[in-house]
Number of protein chains: 2
Amino acid sequence: MDKVATPAEAAPEVDLGVLNDVIGFRIRRIQNHLSRQFLERITDTQLRPGGFSALALIAANPGLDQTTLARAIGFDKATVVALLDGLESLGWAERRRQTEDRRRHALFITAEGETALARLSRIAQENEAAAHATLTEAEQAELYRLLDKIYAACFSEPEL
Amino acid sequence: MDKVATPAEAAPEVDLGVLNDVIGFRIRRIQNHLSRQFLERITDTQLRPGGFSALALIAANPGLDQTTLARAIGFDKATVVALLDGLESLGWAERRRQTEDRRRHALFITAEGETALARLSRIAQENEAAAHATLTEAEQAELYRLLDKIYAACFSEPEL
DNA sequence: TATTGTTATACTCTATAACTATA
DNA sequence: TATAGTTATAGAGTATAACAATA
């Protein structure tokens with residue numbers, strides 16, 4: 001027994017100091033916790049981080065190519081190759097060579113993939129149940145709006 | 001040239017599908033981007049991820065012990081050891097054996113550490129400039145409130 | 001000449017487990 | 001017997017660079 005403590009046990013009031021105004025800090029704390037717990041819940045699957053996201057995006061965007069997928073989840077294209085190898089060996093997704101541009105792979109989810117995705121979605125929801133429960137619907141909508149606004153802003157901002 | 005694309009270049013509208021309602025996904029995208037960019041901005045320092053957070057928390061909570069620090073930043077206590085070794089070798093923080101409980105180390109920031117922290121804070125602000133600029137003060141306050149609410153919720157929720 | 005996807009590789013990050021010293 | 005911190009280690013995760021096929 002020596003795992004990373006959940007925030008629950010953290011309790012002791014720690015002053016955030018200058019981190020009070022650092023968005024990245026607040027976000028990372030939550031992200032760390034959520035992703036760690038999510039991965040624990042799906043240890044039975046051979047899924048790596050990003051696997052769920054990749055599967056979900058393929059499902060929602062049939063024919064997606066690998067480069068676009070890589071950008072959407074913020075990974076390197078080489079990392080996506082390994083991710084897809086995993087999804088294919090599970091029989092959850094497949095690559096089809098595009099005829100118009102034979103360099104490209106069009107990605108599709110399989111029937112088994114759909115089943116797996118449904119289960120993973122359910123687990124993701126359970127994983128975030130506490131977070132969802134603590135927000136009203138309006139608050140949740142507002143949170144999404146603000147996060148999307150920030151994401152988009154990382155955008156237009158060329159590099160600076 | 002083959003680095004991970006910034007969201008700016010991502011543009012192509014990708015449907016989020018079931019990820020639409022997964023907080024972790026939205027958060028991760030932003031976090032990935034912010035942390036990657038932050039680390040690029042401080043390559044001159046020998047700072048590892050979490051180093052800035054650790055220094056800031058030590059500054060704001062003089063005498064903090066390592067276990068509490070580990071919990072606050074969501075790291076394992078063993079990871080914190082390495083983090084502190086780094087901060088000490090830079091001369092930015094120091095460990096002092098507590099007299100009441102000689103097992104514990106009380107952590108303190110040094111004068112050089114304060115200088116470094118000021119610079120790092122400035123860089124962090126620059127790094128998030130686009131994000132801050134896109135939000136009104138009210139929106140920013142609301143975002144912090146919602147994120148803190150979620151973080152606290154990961155709490156009370158024992159384990160489920 | 002540029003782009004998609006691939007391979008191979010090396011490196012960074014983090015947790016685990018076993019240890020010590022104190023309590 | 002439990003806790004704070006340490007060490008050593010192994011494993012996961014990710015990017016980098018060089019390459020093949022196609023455009």
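Because only heavy atoms are used, hydrogens play no part in the values below, and waters and symmetry mates are left out as well, while side chains stay in. Note on naming: letters A, B, ... go to the chains in the order of the sequence lines (proteins, then strands), and numbering restarts at 1 for each one. Bear in mind that the values here come from a model prediction, so they are computed numbers and not experimental data.
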Fill in: B:Gln46 atom CD: more than 12 heavy-atom contacts under 6.0 Å
no
Fill in: Greater than 12 external heavy atoms within 6.0 Å of A:Gln98's CD
yes
Worksheet item: Within 45° of the ring axis of B:Phe108 and under 6.0 Å from its six-membered ring centre, is that where the NZ or CZ of B:Arg96 lies?
Response: yes
Fill in: Test: B:Arg26 cationic atom under 6.0 Å from A:Tyr151 six-membered ring centre, within 45° of axis
no
Starting from [atom2] on [N], measure out to [atom1] on [X] and report it in whole angstrom.
{"X": "A:Lys77", "N": "C:dT7", "atom1": "NZ", "atom2": "C1'", "answer": "12 Å"}
{"X": "A:Leu64", "N": "C:dT4", "atom1": "CG", "atom2": "C1'", "answer": "13 Å"}
{"X": "B:Asn32", "N": "D:dA15", "atom1": "CG", "atom2": "C1'", "answer": "13 Å"}
{"X": "A:His33", "N": "C:dA15", "atom1": "NE2", "atom2": "P", "answer": "14 Å"}
{"X": "B:Asp76", "N": "D:dT9", "atom1": "CG", "atom2": "P", "answer": "17 Å"}

Practice prompt. Taking only the side-chain nitrogens and oxygens of B:Arg95, find out if one of them lies under 4.0 Å from OP1 or OP2 of D:dT6.
Written response: yes
Worksheet item: Taking only N and O in the side chain of A:Gln66, is any of them less than 4.0 Å away from OP1 or OP2 of C:dT6?
Response: yes
Item to complete: Can you figure out which of D:dA15, C:dG5, D:dT16 approaches the side chain of A:Thr79 most closely?
Response: D:dA15
Discussion item. So if I take residues 100-108 of chain B and measure heavy-atom distances to DNA chain D, which residues fall below 4.0 Å?
Written reply: B:Arg103, B:Arg104, B:His105
Worksheet item: Tell me, which of residues 53-62 of chain A have any heavy atom that sits under 4.0 Å from an atom in DNA chain C?
Response: none
Item to complete: Please list, by residue number, the residues of residues 81-94 of chain A whose heavy atoms come closer than 4.0 Å to an atom of DNA chain C; answer none if no residue qualifies.
Response: A:Val81
Ignoring hydrogens and angles, state whether a donor on the side chain of [X] or [Y] is under 3.5 Å from an acceptor on the partner side chain.
{"X": "A:Ser53", "Y": "B:Arg28", "result": "yes"}
{"X": "B:Asp21", "Y": "A:Tyr144", "result": "yes"}
{"X": "A:Arg95", "Y": "A:Gln66", "result": "yes"}

Donor-acceptor contact present, side-chain [X] to main-chain [Y], <3.5 Å:
{"X": "A:Asn61", "Y": "B:Asp15", "answer": "yes"}
{"X": "B:Gln31", "Y": "A:Gln31", "answer": "no"}
{"X": "B:Asn20", "Y": "B:Leu16", "answer": "no"}

Practice prompt. Evaluate the side-chain proximity of B:Gln140 to B:Glu137: yes if any heavy-atom separation is below 4.5 Å, no if none is.
Written response: no
Enumerate all atom pairs, one protein N or O and one N or O from nucleotides 10-13 of chain C, separated by less than 3.5 Å.
none

Can a salt bridge be assigned to the pair [X] and [Y] using a cut-off of 4.0 Å between side-chain N and carboxylate O?
{"X": "B:Arg145", "Y": "B:Asp148", "result": "no"}
{"X": "B:Arg103", "Y": "B:Asp65", "result": "no"}
{"X": "B:Asp85", "Y": "B:Arg48", "result": "no"}

Practice prompt. Among residues two or more places apart or on two chains, list those pairs meeting ring-ring contact (aromatic ring centres under 6.0 Å, His included) that have a residue in residues 79-105 of chain B.
Written response: none
Worksheet entry | Centroid separation A:Phe52 to A:Phe38 less than 6.0 Å | yes
Discussion item. How bent is the helix from C:dT1-D:dA23 to C:dA23-D:dT1, measuring the angle between the end axes built from five pairs each, rounded to 10°?
Written reply: 0°
